[in-house]
Amino acid sequence: MTDKINELLKRVEEFQPQTAADVEEFRIKILGKKGELTALMDEFKTVPAEQKRELGQLINRLKTTATERINTLREQMQDVAADQKSATGDMTRPGTAETLGSRHPISRVKNEIVEVFSRLGYTVADGPEIEDDHHVFGALNFPPEHPARDMQDTFFIEKHPDILLRTHTSSIQVRTMEHQKPPIRVICPGRVFRNEAISYRAHCIFHQIEGLYIDEGVSFADMKQSLQYFAKEIFGEDTAIRMRPSYFPFTEPSAEVDVSCNLCGGKGCPVCKGTGWLEIMGCGMVDPNVLRLNGIDPKKYSGFAFGMGIERIAMLKYGVKDLRLYFENDVRFLHQFDTDL
């Protein structure tokens with residue numbers, strides 16, 4: 001029995017727990033009602049009288065040592081847990097569900113526009129944001145020193161006058177015409193840059209989506225019908241459009257497209273400046289000169305192009321009156337778009 005007591009005493013002294021649960025499990029195993037110490041006490045009742053004094057002292061020492069050791073280990077485990085809690089938070093606290101984010105309103109509107117035109121057979125084309133003069137201006141019928149270049153305040157790369165930040169996604173149309181033969185039917189979304197003062201109506205960075213359709217026999221009526229379909233799909237079945245003559249170097253004839261103001265129902269408000277109409281895009285038939293510059297025979301093919309600012313469409317669609325909100329990442333604004341990801 002002496003060997004059993006010494007062996008158990010050694011285990012108590014050498015015990016090294018990893019967690020508080022290990023300490024409690026060890027306490028029950030040694031000091032519990034059905035533990036090993038209780039079993040030794042039962043066995044102690046059967047030893048001869050002359051051995052009881054010596055064995056009793058050993059058992060008492062074992063019980064005292066085990067109790068003190070377990071209490072010390074409990075305190076150590078509590079200190080460790082407190083340190084972990086202060087350093088990393090309460091690791092035993094139940095977890096919380098992660099809050100889902102939402103798509104930015106610009107991304108939502110861009111995806112919706114892409115989806116509408118995809119039903120008409122358009123595919124998405126992409127191109128670089130840092131461009132050269134040829135793709136942004138030259139191939140689009142902007143001769144050098146042409147006054148139309150002043151319509152867009154351009155960011156040029158210092159010491160490289162032919163390299164610039166694209167002012168419109170029309171450069172993607174040029175790259176498409178260079179590498180693809182008609183029929184061509186693409187939309188070109190992307191970020192563009194213009195040296196403009198930032199206000200509630202303008203920004204130096206914004207997003208455009210442009211479209212190009214080239215094939216045999218394409219007419220102005222085809223363009224009007226496509227844009228009418230787009231307006232009704234985006235703003236509602238009751239939306240009307242009107243087209244006003246305009247000028248763009250790369251289209252002839254050219255037009256500005258307005259939609260009936262969905263904020264006031266056409267009655268007139270500050271956003272539409274009391275007219276009941278809101279400008280959403282420019283469009284026109286592709287100038288034969290542009291086709292020729294890009295290796296397409298204007299006697300055989302014709303086409304139309306259009307372009308719109310995604311911020312403007314989003315402003316009208318969601319009733320947002322300050323364009324700067326799209327760039328500030330104010331969560332109070334963005335949380336309004338949490339649903340319908």
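- Across Ser226 and Phe304, no two heavy atoms sit closer than the pair OG-CZ, 4.0 Å.
- The backbone N or O of Ile106 lies less than 3.5 Å from a partner atom in the side chain of His104, making a donor-acceptor pair.
- Residues Tyr318 and Phe337 bring their aromatic ring centres within 6.0 Å.
- Under the 30°/60° scheme for interplanar angles, the aromatic rings of Phe230 and Phe235 are found to stand perpendicular.
- In terms of hydrophobic clustering, with Ile, Leu, Val, Met, Phe, Trp and Tyr side chains grouped at heavy-atom distances under 4.5 Å, Val286 and Val186 are assigned to a common cluster.
- Each of Ile209 and Phe206 belongs to its own hydrophobic cluster when Ile, Leu, Val, Met, Phe, Trp and Tyr are linked at side-chain heavy-atom distances under 4.5 angstrom.
- Within the 4.5 Å cutoff, side-chain heavy atoms of Glu131 are placed close to those of Arg175.
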Between Lys29 and Glu25, is a salt bridge (Lys or Arg N to Asp or Glu O under 4.0 Å) present by the stated rule, with each step listed? CA-CA 6 Å; Lys29 183 177 181 180; Glu25 181 181 349; over 6 Å; no
Between Glu328 and Phe333, is a side chain to side chain contact (heavy atoms under 4.5 Å, CB included) present by the stated rule, with each step listed? CA-CA 9 Å; Glu328 292 174 352; Phe333 173 71; over 6 Å; no
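- A distance-only check finds a donor-acceptor pair linking the side chain of Thr239 to the backbone of Gly236 [under 3.5 Å].
- The environment of NZ in Lys232 is crowded: more than 12 heavy-atom neighbours from other residues, nucleotides or ligands sit within 6.0 Å.
- Checking side-chain atoms of Arg69 against main-chain N and O of Phe15 turns up a donor-acceptor pair under 3.5 Å.
- Side chains of Met308 and Glu210 form no contact here, defined as non-hydrogen atoms less than 4.5 Å apart.
- A single hydrophobic cluster is not seen to contain both Ile70 and Ile28; linkage of ILVMFWY side chains at heavy-atom distances under 4.5 Å, directly or through other members, places them apart.
- Applying the side chain to side chain donor-acceptor pair (under 3.5 Å) rule to Thr251 yields the partners Ser254; only residues at least two apart in sequence or on another chain are considered.
- Rounded to the nearest 0.5 Å, atoms CD (Glu196) and OG1 (Thr167) are 10.0 Å apart.
- Ile198 places a side-chain heavy atom less than 4.5 Å from the side chain of Cys204.
- Enclosure of atom CD in Glu178 by more than 12 non-hydrogen atoms of other residues, nucleotides or ligands within 6.0 angstrom is indicated.
- Taking hydrophobic clusters as Ile, Leu, Val, Met, Phe, Trp and Tyr residues chained together by side-chain heavy-atom distances below 4.5 Å, Ile310 shares a cluster with Ile205.
- Annotation for Arg244: atom CZ counts as buried by contact number, over 12 foreign heavy atoms lying within 6.0 Å.
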For a side chain to side chain contact (heavy atoms under 4.5 Å, CB included) check, start with the C-alpha distance between Leu334 and Asp330, then their side-chain angles and the critical distance, and finish with the verdict. CA-CA 6 Å; Leu334 298 177; Asp330 188 328; over 6 Å; no
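- Between the side chain of Asp222 and the backbone N or O of Ser219, at least one donor-acceptor pair lies under 3.5 Å.
- Salt-bridge annotation for Asp153 and Arg194: absent, with no side-chain N of the basic residue lying under 4.0 Å from a carboxylate O of the acidic one.
- Between Val114 and Ile187, the shortest heavy-atom distance links the atoms CA-CD1, 3.7 Å.
- In terms of heavy atoms, Thr169 sits closest to Cys188 at OG1-O, 3.1 Å.
- With Asn141 contributing its side chain and Asp287 its backbone, the two residues share no donor-acceptor pair below 3.5 Å.
- Linking ILVMFWY residues whenever their side-chain heavy atoms come closer than 4.5 Å, directly or via other members, places Ile313 and Phe117 in the same cluster.
- Side-chain contact between Phe250 and Phe137 is absent, with no heavy-atom pair separated by less than 4.5 Å.
- Using a 4.5 Å heavy-atom threshold, the side chains of Tyr229 and Val116 count as touching.
- Taken from CD1 in Ile184 to CD1 in Ile214, the straight-line distance is 4.5 Å, to the nearest 0.5 Å.
- Annotation: the span from Asn195 atom CG to Phe156 atom CZ amounts to 10.5 Å, rounded to 0.5 Å.
- Evaluation of the salt bridge (Lys or Arg N to Asp or Glu O under 4.0 Å) rule for Arg53 yields no partner, not counting sequence neighbours.
- For the pair Arg166 (side chain) and Gly127 (backbone), a donor-acceptor distance under 3.5 Å is present.
- Counting only distance, with no hydrogens or angles, the side chain of Asp132 and the backbone of His135 share a donor-acceptor pair below 3.5 Å.
- In terms of heavy-atom proximity, Pro298 sits nearest to Arg292 at CG-NH2, 3.5 Å.
- If you take CG on Leu293 and CE on Met177, they are separated by 9.0 Å, rounding to the nearest 0.5 Å.
- The side-chain heavy atoms of Pro17 and Phe26, taken from C-beta on, include no pair separated by under 4.5 Å.
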Show, in sequence, the C-alpha distance, side-chain angles and deciding distance for Glu233 and Glu112, and conclude whether the side chain to side chain contact (heavy atoms under 4.5 Å, CB included) test is met. CA-CA 9 Å; Glu233 289 296 304; Glu112 188 172 352; over 6 Å; no
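- Taking a 6.0 Å sphere around CD of Gln18, one finds it holds 12 or fewer heavy atoms contributed by other residues, nucleotides or ligands.
- Note that the CZ atom of Phe193 and the CG atom of Leu164 stand 11.0 Å from one another [nearest 0.5 Å].
- Although no hydrogens or angles enter the test, the distance criterion places a donor-acceptor pair under 3.5 Å between the side chain of Asp22 and the main chain of Thr19.
- Ion pairing between Lys10 and Glu7 fails under the 4.0 Å rule for side-chain N and carboxylate O.
- Put simply, the side chain of Lys321 does not reach to within 4.5 Å of the side chain of Met315, judged on heavy atoms.
- The environment of NZ in Lys317 is crowded: more than 12 heavy-atom neighbours from other residues, nucleotides or ligands sit within 6.0 Å.
- Atoms CD1 and CG, on Ile241 and Asp258 in that order, are 9.5 Å from each other to the nearest 0.5 Å.
- A side-chain N or O of Tyr213 and one of Arg185 form a donor-acceptor pair less than 3.5 Å apart.
- Closest non-hydrogen pair, Cys261 versus Leu278, comes out as SG-CD1, 3.6 Å.
- Counting heavy atoms from C-beta outward, Arg11 and Glu36 have side chains that approach closer than 4.5 Å.
- Atom CD of Glu129 sits in a crowded spot, with more than 12 heavy atoms from other residues, nucleotides or ligands closer than 6.0 Å.
- A donor-acceptor pair shorter than 3.5 Å can be found between the side chains of His207 and Glu311.
- In summary, Asp297 and Lys299 do not engage in a salt bridge, as defined by a charged side-chain N under 4.0 Å from a carboxylate O.
- In terms of the ring-ring contact (aromatic ring centres under 6.0 Å, His included) criterion, residue partners of Phe327 (sequence neighbours excluded) are, by chain and number, His203.
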Before you tell me yes or no, could you show the steps for Val259 and Glu279 under side chain to side chain contact (heavy atoms under 4.5 Å, CB included), namely the whole-Å CA-CA distance, both residues' side-chain angles and the distance that decides it to 0.1 Å? CA-CA 6 Å; Val259 295; Glu279 178 188 326; over 6 Å; no
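- More than 12 heavy-atom neighbours from other residues, nucleotides or ligands sit within 6.0 angstrom of CG on Leu120.
- The two residues Ser171 and Val136 come nearest to each other via the heavy atoms CB-CG2, 4.2 Å.
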